[in-house]
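The chains referred to below are lettered A, B, ... by the order of the sequence lines, with proteins before strands, and numbering in each begins at 1. Keep in mind that the numbers below use all heavy atoms, side chains included, and drop hydrogens, waters and symmetry copies.
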2 protein chains.
Amino acid sequence: MNTTRDQIIQATRSLVEKQGYHATGMNEILRLSGAPKGSLYYYFPDGKEELAQEAISQTTKEVVGRIRANLALFDDPVEAIQVFVSRIADHIELSQFSSGGPLTAVAMETATSSERLNRACREAFAAIQCAFAEKLAANGYAPESAAQLALFITAAIEGGTLLSRTAHSGDPLRRVAEVLALALRSARP
Amino acid sequence: MNTTRDQIIQATRSLVEKQGYHATGMNEILRLSGAPKGSLYYYFPDGKEELAQEAISQTTKEVVGRIRANLALFDDPVEAIQVFVSRIADHIELSQFSSGGPLTAVAMETATSSERLNRACREAFAAIQCAFAEKLAANGYAPESAAQLALFITAAIEGGTLLSRTAHSGDPLRRVAEVLALALRSARP
DNA sequence: GTCTATACGGTGATAGAC
DNA sequence: GTCTATCACCGTATAGAC
């Protein structure tokens, strides 16, 4: 793959994750990536919006892969999910409270202002929910139940991440993981 | 109370709720509120940050009041919470997917960039959780359990709101409300 | 394809008249 | 206290040389 293009996306991901979409400027992205302004608009003719879209879809692929890999570590889906969410809490602390990818920030900021980014976020959330639902469905949960629980898991993680970022501590998300495990057990088939 | 000052805060709340913190400009706030720029810096010498802080703390007071009022409508805390969350879903649809107050947006955008706003958001989340915890504790839940569940409820609402905003539909949050009710019932004392 | 220089609008903030 | 005029700066985006 093209290195310059990839470095630009990488810089965008990192900055948007930390600061949000509107707080991140093109000049900042350029500075971090080391690329010149001309290259940026050569690779992303539609500018910042296209860039953020690419950052989201690329991040989502990685995140979905990481979800599947983590959920495969345990046969029991509830245990797998609890451990996975706890790991996100660790990761948030290690990254000094940069959120779980640029998705949350962009979704919040562009829900009603950018058709293009809103669509990208919808697809991202759908893919993430799908990964959770598969694990549940493969372990005896009824399909509709699995889908609903996957939505709930995603919401709990997003909300827990927000609380942990705000609290500057992984603990809120870890406590969310505990209660989430209880909830999933009580919904067990 | 001073009308001009209040109109400025009101405009800030509405705009930040819809667009986010960084996407909202001072000129925009001025335009919507009808106030002149001089007045704005007279009432809020510390500028945008102070303004947002005021908007958050004012909104939080109202939100906490609304939570208490809604939870008081039903004796059963689980039913009360489920109905309350469903109402948020209705409200999101009615407001054309402006989130539940400026809190979520500011919390996401300023978690690591503004000490002052981060503190305001922490206090806001604490007050909200407190309102939920009280209702649970008043109905037989053990104090630590009530606090943990209140945190979980807050996370679920925040995450569900994000998903509903993104999906441009109240349904995700409504489904979150359903699962949340199941989870709270299974944790019943 | 890569890079520089620049355009133009909007940003948050201030000074000072009234 | 209220308002206007204006500031210096940064935002995204473009033009055009190489």
Side-chain angles (χ1 to χ4, degrees), chain A residues 1-56 102 105-106 108-110 112-118 120, chain B residues 1-56 102 105-106 108-110 112-118 120:
Chain A
M1 261 292 168
N2 190 310
T3 301
T4 302
R5 189 188 138 96
D6 224 56
Q7 279 172 333
I8 294 174
I9 296 180
Q10 204 58 37
T12 306
R13 286 172 58 172
S14 154
L15 288 170
V16 172
E17 184 168 354
K18 188 159 49 191
Q19 309 172 327
Y21 178 71
H22 284 105
T24 299
M26 301 290 260
N27 296 330
E28 212 175 351
I29 294 172
L30 258 357
R31 226 179 298 130
L32 181 62
S33 70
K37 192 166 266 188
S39 299
L40 199 159
Y41 281 94
Y42 170 74
Y43 288 115
F44 306 95
D46 288 352
K48 195 181 183 182
E49 228 178 331
E50 184 181 2
L51 191 44
Q53 184 194 357
E54 208 63 38
I56 287 175
V106 176
M108 261 306 298
E109 293 183 57
T110 65
T112 58
S113 62
S114 160
E115 183 80 29
R116 181 176 195 158
L117 290 177
N118 176 247
Chain B
M1 264 290 167
N2 190 311
T3 302
T4 304
R5 189 189 138 96
D6 223 58
Q7 279 172 331
I8 295 174
I9 297 180
Q10 204 58 38
T12 306
R13 287 172 57 172
S14 152
L15 287 170
V16 172
E17 182 168 355
K18 187 160 51 191
Q19 307 169 329
Y21 178 70
H22 285 105
T24 299
M26 300 290 259
N27 295 332
E28 212 176 350
I29 293 171
L30 257 357
R31 225 179 299 130
L32 181 60
S33 70
K37 192 166 265 189
S39 300
L40 198 158
Y41 281 94
Y42 170 76
Y43 288 115
F44 306 95
D46 288 353
K48 195 181 182 180
E49 228 178 331
E50 185 182 0
L51 192 44
Q53 184 196 354
E54 209 62 38
I56 287 175
V106 175
M108 263 305 300
E109 293 182 59
T110 65
T112 59
S113 61
S114 161
E115 182 80 27
R116 181 179 197 156
L117 291 177
N118 176 248

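- Across all strands, B:Gly38 comes closer than 4.0 Å to base atoms (heavy-atom distances).
- Rounded to an integer number of Å, the gap from CD1 of A:Ile29 to P of D:dC10 is 17 Å.
- Atom-to-atom, CG of A:Asp46 to P of D:dT12 comes out at 15 Å; the value is rounded to the nearest Å.
- Between A:Lys37 atom NZ and C:dT6 atom C1' the separation is 10 Å, expressed in whole Å.
- Counting to the nearest Å, the C1' atom of D:dC10 and the CE atom of B:Met26 are 16 Å from each other.
- Rounded to whole Å, atom C1' of C:dG12 lies 12 Å from atom NE2 of B:His22.
- When distances are taken from the side chain of A:Pro36 to each of C:dT2, C:dA13, D:dG1, the shortest belongs to C:dT2.
- For the pair B:Leu51 CG and C:dT11 C1', the computed distance is 15 Å after rounding to whole Å.
- Dashed line: the shortest gap from a side-chain N or O of B:Asn27 to OP1 or OP2 of C:dT11 is under 4.0 Å.
- Side chain of A:Gln7 to backbone of A:Gly34: no donor-acceptor contact under 3.5 angstrom is found.
- Between A:Pro45 and B:Ser39, the one whose closest nucleotide on DNA chain D sits nearer the 5' end is B:Ser39.
- Straight-line distance from the CG atom of B:Leu40 to the P atom of D:dT2: 12 Å, rounded to whole Å.
- Within the 4.0 Å cut-off from OP1 or OP2 of D:dT14, not a single side-chain nitrogen or oxygen of A:Tyr41 is found.
- Atom NZ of B:Lys48 is separated from atom P of C:dA13 by 8 Å (rounded to the nearest Å).
- Side chain of A:Tyr42, nearest nucleotide from C:dG12, D:dT2, C:dT2: C:dT2.
- When every heavy atom of A:Gly47 is checked against every heavy atom of A:Met26, the shortest pair comes out as C-CE, 3.9 Å.
- In terms of phosphate contacts, B:Tyr43 brings a side-chain nitrogen or oxygen within less than 4.0 Å of OP1 or OP2 of D:dT2.
- Checking side-chain atoms of B:Thr24 against main-chain N and O of B:Gly20 turns up a donor-acceptor pair under 3.5 Å.
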